[in-house]
Amino acid sequence: MFSIKKFLSPCLVALGSAAHSQAVDSSLIFKKNVQQYSEERFLTQQYFYNPANRSDYSTVSFSELSISYQNENKNIYRQQSGSGSEGFSVNAASYQKTKKNNFLWGNAGYSNINLKNIKWNEDLDYERVAPYILSDSVGGNKNLEVYQFGGGYSRQFSRFSYGIEAHYTAQMAFRNRDPRSKNTTSDLVLRAGANYDIYKNLQVGGFGELNLYTQTGSVNFVSTVNKPIIYQMVGFGFSNNFFSSEYASVLFEETGYQVGAHISGSKGKDFYIRGSLKRSNNVKGIKPKNANNFLDASDLENDLYAIEAAKFFSFGKHRTGLMVSYTSDIHTGYEFGYTHNTEMIQQIYKRAAYKRENYNSTAKLFYQFTNDNFVMTLVPFFNYSEITDRRIYSFSGQKYDAFTFGMHTAFQLELSDNQVLSFKPRFSFRKVNNAVNALDLSLRPSIADWVLHDYRFLTSNTSTYGASVRYDIKSEKLPAFFVSGEWFAQNIQQKHNNFAGASFGITF
């Protein structure tokens, strides 16, 4: 494991050079703040998934270096996700417009987080590998370190533009008491895109992406007595009996791709329509004791279809817009069967045994009022989701649909020529409409309790509210710096979950 200093030093050097070459006039801090943390760009972030569109990401160059602290405490939660987290992170990001219509961007970060009271899950990236997780009934806290960095380049010609970018994330997690789990992940994303102006302010574009992901995991014990059973879960509390108990080393390997296209007016400032298709296969291997190879246990096929459209209008100091989107996210799990009647383990079948369907429809309104020293943004939204989750052998499943509505707001105020105050309250309410419990609870009592608790959590009404506040100040001889804080609460089944965070950083 390399040090934080070595990891971040290249990015810090780059940011330092940018700070030296770009002295920011304190009178421009408000305008730059509005551009750097654009609420409209946050709303339309999927449009910039094509790296060729990054040439229109911002009208100004900017860089930021920050250190953050977070503390999350949950009174009601999914046991496989834990009761909260606490830790810190260091992040750096930069977007630079250079000469001759060249654009560069990059980011780097390190996080050290303590994950609290995780149970029935000894893997990372739960949503990515579920339901094929490594589980035990004891669990405990986990220490998690995350390293990530990435960057890209885009160039704009008279009617044509292209862009390329790459991102890499590595994680390491461990527990230093029984059951002693250890996980490492590697996630590489390569992306390229291009745009062409077909008529006046009308553009078409497309992008392609390649994603390579691996995760290794193991569970060991120092104590030789009272060891819990290690389960190779296959969904809803059922486990692979052939591999459970004695096989505690796993390997997830995923290869995926994504393609997308869009048509836009005025480079997305007037309207855009985009669609994408993402596919991947996540194969889980389990290593038998005293063996050198992993045996395939499951193959999780993932298909994600998405379409999004947005239209904006400007009149005077006012800007309004509407965005609608639809996603279809389908996971199909294939499981392998083996026989051990001979001296060698032999595969005898591969069959479809699990399926999860998640359909989401979302509509968002956008309103922004811009004055010389004040910007107000209102984004009311509505979402309808329908989820069906089931397995076949043995049959067990659940189905529910829910409505979510809420409001995101942002207020940015120039206090003086060199000071800016930002305040962003948030609110949302999720109402479960229909829920069908078709769970087979003929399991061990502790596992049945976990599965039923998970169902009740997922099908409960939820309200979320909170706010963040940030203060920026720029002196004549130093870069601008900021301090920020945020607090959010979540109410589920008359119980409260809380998240608090604080950050300090510099921008230039």
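Atoms considered below: every heavy atom in the structure, side chains included; atoms not considered: hydrogens, waters and symmetry mates.
Atom CZ of F42 has 12 or fewer neighbouring heavy atoms from other residues, nucleotides or ligands inside a 6.0 Å radius. In this structure, Q494 places its CD atom where only 12 or fewer heavy-atom neighbours from other residues, nucleotides or ligands lie under 6.0 Å away. Within 6.0 Å of CZ on R351 lie more than 12 heavy atoms contributed by other residues, nucleotides or ligands.
In this structure, V129 and L300 have side chains that are not in contact, with every pair of non-hydrogen atoms separated by 4.5 Å or more. E122 places a side-chain heavy atom less than 4.5 Å from the side chain of P179. In this structure the side chain of Y455 never reaches within 4.5 angstrom of the side chain of W450, judged on heavy atoms. Side-chain contact between W120 and I447 is present, with heavy atoms from C-beta onward closer than 4.5 Å. For the pair T507/N33, no side-chain contact is recorded, criterion being any heavy-atom separation below 4.5 Å from C-beta on. Residues Y305 and R279 form a side-chain contact, since some pair of their non-hydrogen atoms from C-beta on lies under 4.5 Å apart. Inter-residue side-chain proximity for T255 and L212 is flagged as met; some heavy-atom pair is nearer than 4.5 Å. Between N117 and N141, the closest side-chain pair of non-hydrogen atoms falls below 4.5 Å.
For K116 and N73, the side-chain atoms include at least one donor-acceptor pair closer than 3.5 Å. Side-chain contact check for Y132 and Q232: no donor-acceptor pair (N or O, by modelled atom type) lies under 3.5 Å. No hydrogens or angles considered: nothing links the side chains of T327 and D329 as a donor-acceptor pair under 3.5 Å. Side chains of D125 and Y213: a donor on one and an acceptor on the other come within 3.5 Å. In this structure, a donor-acceptor pair under 3.5 Å is present between the side chains of D454 and Q80. No hydrogens or angles considered: nothing links the side chains of N91 and S66 as a donor-acceptor pair under 3.5 Å. No side-chain N or O of Q398 forms a donor-acceptor pair with one of Y400 less than 3.5 Å apart. Checking K278 against N211 by side-chain atom types alone, no donor-acceptor pair falls below 3.5 Å. No side-chain donor from either of D187 and Q215 sits under 3.5 Å from a side-chain acceptor of the other. Using modelled atom types, one finds no donor on one side chain facing an acceptor on the other under 3.5 Å when comparing Y393 with E335.
In this structure, Y326 and Y359 have parallel ring planes: the angle between them is below the 30° cut-off, well short of the 60° mark.
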- [ ] Take I76 and N497 through the side chain to side chain contact (heavy atoms under 4.5 Å, CB included) test and state the conclusion after the steps.
- [x] CA-CA 7 Å; I76 182 169; N497 299 332; 3.9 Å; yes
TODO: Output, in order, the C-alpha distance, side-chain angles, deciding distance and verdict of side chain to side chain donor-acceptor pair (under 3.5 Å) for N121 and Q79.
DONE: CA-CA 8 Å; N121 176 27; Q79 295 181 56; over 6 Å; no
Open item on the list: Working note: S137 + Y231, criterion side chain to side chain contact (heavy atoms under 4.5 Å, CB included); need CA distance, chi angles, decisive distance, verdict.
Closed with: CA-CA 9 Å; S137 60; Y231 299 95; 5.5 Å; no
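The six-membered or imidazole ring of F243 lies near that of Y338, with a centre-to-centre distance under 6.0 Å. Aromatic rings of F149 and Y168 (six-membered ring for Trp) have centroids within the 6.0 Å cut-off, being under it. Checked against the 6.0 Å centroid criterion, the rings of F62 and Y95 qualify as a close aromatic pair.
Both tests pass for R470 against the ring of Y37: distance under 6.0 Å to the centre and angle within 45° of the axis. Relative to the ring axis of F48, R41 does not place its NZ or CZ within 45° and under 6.0 Å from the centre.
Sorted by first and then second residue, the ring-ring contact (aromatic ring centres under 6.0 Å, His included) pairs with a member in residues 276-299 form an empty list; sequence neighbours excluded. Among residues at least two apart or in separate chains, side chain to side chain donor-acceptor pair (under 3.5 Å) pairs with a member in residues 421-431 are E39-K424.
Legend: residues meeting side-chain hydrogen bond (donor to acceptor under 3.5 Å, both in side chains) with H167, ordered by chain and number and at least two apart, are E165.
With respect to E301 and K350, no salt bridge is recorded, no charged nitrogen being found less than 4.0 Å from a carboxylate O.
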